[in-house]
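Naming: A, B, ... by sequence-line order, numbering from 1 per chain.
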Amino acid sequence: MAIEKENFSRRDFIKNSSMFAGGVVFASLINPYKFVFATKQPKGKGKWYGIGIDIEKCIGCGSCARACKIENNVPDDPFFFRNWVEQYTITNDERILVSSPNGGIDGFKQPVPEEDIYKTFFVPKMCNHCAKSPCTQVCPVGASFESPEGLALVDQSYCIGCGYCVQACPYGCRYIDPVKGVVDKCTLCYHRLEKGLDPACMMACPTGARIYGDLNDKNSAVSLFLKEHNCAVLKPQLNTESKLFYNDLSQEVH
Amino acid sequence: MDKIQSLYEALTKVDGFIYPNELALNWDMLIVMYPYITGLVAGAFILASLNRVFDIKALRPTYELSLLTALSFMLVATMPLITHLGQPLRFYEMLITPHLTSAMAIFGFVYLWYLMVVLLLEIWFDYRYDMVIWSREKKGFMKFFYKALTLWVSDTSPESRKTDEKIGYFITVVGIPSAFLLHGYVGFIFGSIKANPWWSTVMMPVIFLFSAMVSGIALVMFIYMVVSYLRKQKIDMNALDTIAKYLFYILIIDFTLESLDQIHRIYEADESFDILKILVRGKLFFTFFIMQIGVGVVIPLATLGFLQFKKPRVRIRKLIYWIISICVLVGIFYMRWNVVIGGQLFSKSFYGFTSYKVNLIGGSDVTLSLLWFIVPFFILAFLLWLLPPWKKAPPIEIPEE
Ligand code: SF4
Ligand code: SF4
Ligand code: SF4
């Protein structure tokens, strides 16, 4: 699988090492904004993926999380996930209860009696494929990078397993694979996209709550979804420019 | 896979809601050790520079000791970081293909600069003359060894000593900002993570810096007393009192900065405040209020403050200094602990907490951390044997120009 990467190759580094001395400051002078963010802004051509999730439609079946574990060989244990589903319950006395037992794979139970519930809903989570992704910014070796299609990916043959990106992701989307000792995360099933197939979670969803597509194409499924719904992203105050858009997102969701 | 086992155990101890991937604390005790050890290096070095650059004569007896202490800890400073990696053997990637937007990548270069250019050079110029003399006195392998250490520069003329002295001075001047950089940088590694409100503050590098000075000074104080005891030499009380005085002042600055940071948090009370409040009052109560503030700050400040006004007998003063230096070292360790571990105990969803249990026997991170803390003392013992400060020729006077 050949992915065009934005990080440095060894030869590049040696070639550029003379520039390195003053280069850090210099580069930030020439192009101050580029230095702040690790990733590139959309070029205007080619695909630029975005994701939509319709909370109104999600029934919390957990098929998406299950499909992902199988498709991507994610460890079975209930603390390694590329995507998962959260159940939010707000009670009449304004308590907010959140749970995600085994990421929602085994379905949900509602412990609060019906009459005490003010409202309840499911929020599927996955990597937001942020356009200004803090995770790729902090990677010391550039093993985390953004593909030209706007997907935050990891080169596992290069990752040193420092866990810095895990700390930097505000959404808890990364984990260190206990066997490989390197980081793993949602790739939007890059290996399937390349073959023209849909990501596993999108295929598995029975209600069509999950949508993805090219944000540059104004007629793509995700562009139309954004046009027709009032969408919001998670933690907008962190300016990660998340590209995972939720319809009907409650303000309680972090 | 006991790691997985302990994660299953941790799963039963989650309070509230955490993102599923947050159960595993990826940065364990080794990452606590990492800023702790670099801090000791920076602090010990800054104490040495006080003598040299600011010409505080009372500190002369601890000058070489501070430098050698800094070097011993510097040599292992990256080990906690490397041994904690999921792929330790790929560590070199960080040096040959650094990713320039990463705070961690640049650390490698700051480290090398500091170790190679500042510390080693300063010690070399300081000891060059003595090593030449020792190489003449010794026989066999040691003769050769000292010769090699001098890099076969055997000039012992007063002029050459003056040059050594001048270059050494220059390196110390460069060294002070480097020490600041080194540890400020470690603070930045945490302070720049906007995802984590417990870490993300511009104060972090400054706080790290001052706590580094505090811990380094305490360490030299402790080592000076132990070394003197082992050598059955009289402790220079003037030096000890002076070190204690600086410890006192810098501790005040450190505590002020930390309080400022906390007060700022409390007053601003942004969205993360509620969860941090529960964190500090609950899971961090012991390590924060008792160990970091109580043992690490209040007791030393009160005692040292008292000593500024009233000086008890030498024996008692020595005992007090010895205990205080340990208190400070413990306190700063817990400060690092509260930053590194504390920052991972609450969920970034702000809805709950995970837990971290120190497994004294099983946990490889604890064993390794202890190892990386003990090894520098052996290195120091070796260095003191190789380059004994007490056998150095008396310093040459440079006439005022
Ligand atoms: S959601 Fe997390 S892992 Fe995904 S791109 Fe954003 S910061 Fe990176
Ligand atoms: S764990 Fe791997 S991908 Fe993440 S920051 Fe470290 S080296 Fe980069
Ligand atoms: S598969 Fe679809 S409906 Fe089921 S939990 Fe996932 S997003 Fe919701």
Side-chain angles (χ1 to χ4, degrees), chain A residues 7-10 12-14 20 23-24 27 35-38 75 77-81 84 86 96-100 102-103 125 134 136-144 158-164 166-178 180-183 235 237-239 254, chain B residues 1 3-4 7-8 10-11 16-28 31 81-82 84-109 189-190 192-197 199-200 270-271 343-344 347-352 354:
Chain A
N7 63 337
F8 292 83
S9 77
R10 232 155 285 186
D12 281 344
F13 175 65
I14 293 165
F20 176 70
V24 178
F35 186 62
V36 175
F37 304 107
D77 311 283
F79 25 77
F80 303 115
F81 293 92
W84 66 96
E86 294 168 5
I96 303 167
L97 305 173
V98 194
S99 72
S100 183
N102 194 14
K125 296 263 182 95
T136 55
Q137 183 184 26
V138 301
C139 178
V141 297
S144 269
Y158 207 54
C159 167
I160 59 175
C162 66
Y164 203 13
V166 182
Q167 308 291 353
C169 171
Y171 309 98
C173 296
R174 296 174 160 248
Y175 65 91
I176 302 261
D177 188 303
K180 296 187 206 149
V182 294
V183 87
K235 305 192 182 182
Q237 74 278 16
L238 294 180
N239 194 26
H254 292 312
Chain B
M1 291 244 93
K3 174 117 201 268
I4 301 284
L7 282 176
Y8 273 103
L11 199 58
F17 171 72
I18 61 169
Y19 296 135
N21 289 335
E22 283 179 327
L23 189 71
L25 291 197
N26 285 303
W27 283 3
D28 53 26
I31 301 292
L81 195 64
I82 297 177
H84 137 276
L85 293 180
Q87 292 284 352
L89 296 181
R90 291 187 192 159
F91 177 70
Y92 66 94
E93 303 278 14
M94 208 150 111
L95 294 173
I96 58 175
T97 59
H99 188 224
L100 296 186
T101 57
S102 168
M104 199 184 273
I106 309 301
F107 177 78
F109 294 98
I189 288 181
F190 296 94
S192 61
I193 295 298
K194 66 179 169 189
N196 191 321
W199 292 346
S200 169
D270 67 10
E271 46 159 11
Q344 299 173 84
S347 167
K348 289 178 189 136
S349 69
F350 301 157
Y351 280 128
T354 160

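Between chain B and the options A/Y164, A/F80, A/W84, heavy-atom pairs under 4.5 Å are most frequent for A/Y164.
The backbone N or O of A/L238 lies less than 3.5 Å from a partner atom in the side chain of B/K194, making a donor-acceptor pair. No donor-acceptor pair under 3.5 Å is formed between the side chain of B/S349 and the backbone N or O of B/Y19. No donor-acceptor pair under 3.5 Å is formed between the side chain of A/E86 and the backbone N or O of A/K125. Side-chain atoms of B/H84 come within 3.5 Å of backbone atoms of B/N26 as a donor-acceptor pair (strictly under, hydrogens ignored).
When heavy atoms are compared at a cutoff of 4.5 Å, B/S347 does not approach chain A at all. With a threshold of 4.5 angstrom between heavy atoms, A/P78 approaches chain B through its backbone and through its side chain. Of the two parts of B/L85, the backbone and the side chain both hold a non-hydrogen atom closer than 4.5 Å to a non-hydrogen atom of chain A. When heavy atoms are compared at a cutoff of 4.5 Å, B/Y8 approaches chain A by way of both its backbone and its side chain. Heavy atoms of B/L7 lying under 4.5 Å from chain A belong to its backbone as well as its side chain. Heavy atoms of A/K180 lying under 4.5 Å from chain B belong exclusively to its backbone. The part of A/S99 that comes within reach of chain B is its backbone (N, CA, C, O), which places non-hydrogen atoms under 4.5 angstrom from that chain. For B/I82, no part lies under 4.5 angstrom from a heavy atom of chain A.
Under the side chain to side chain donor-acceptor pair (under 3.5 Å) criterion, A/Y171 pairs with A/T240, not counting sequence neighbours.
Between B/W27 and B/W199, the two ring planes are parallel [angle under 30°; tilted spans 30° to 60°].
With no hydrogens or angles considered, no side-chain donor-acceptor pair links B/E93 and B/Q87 at under 3.5 Å.
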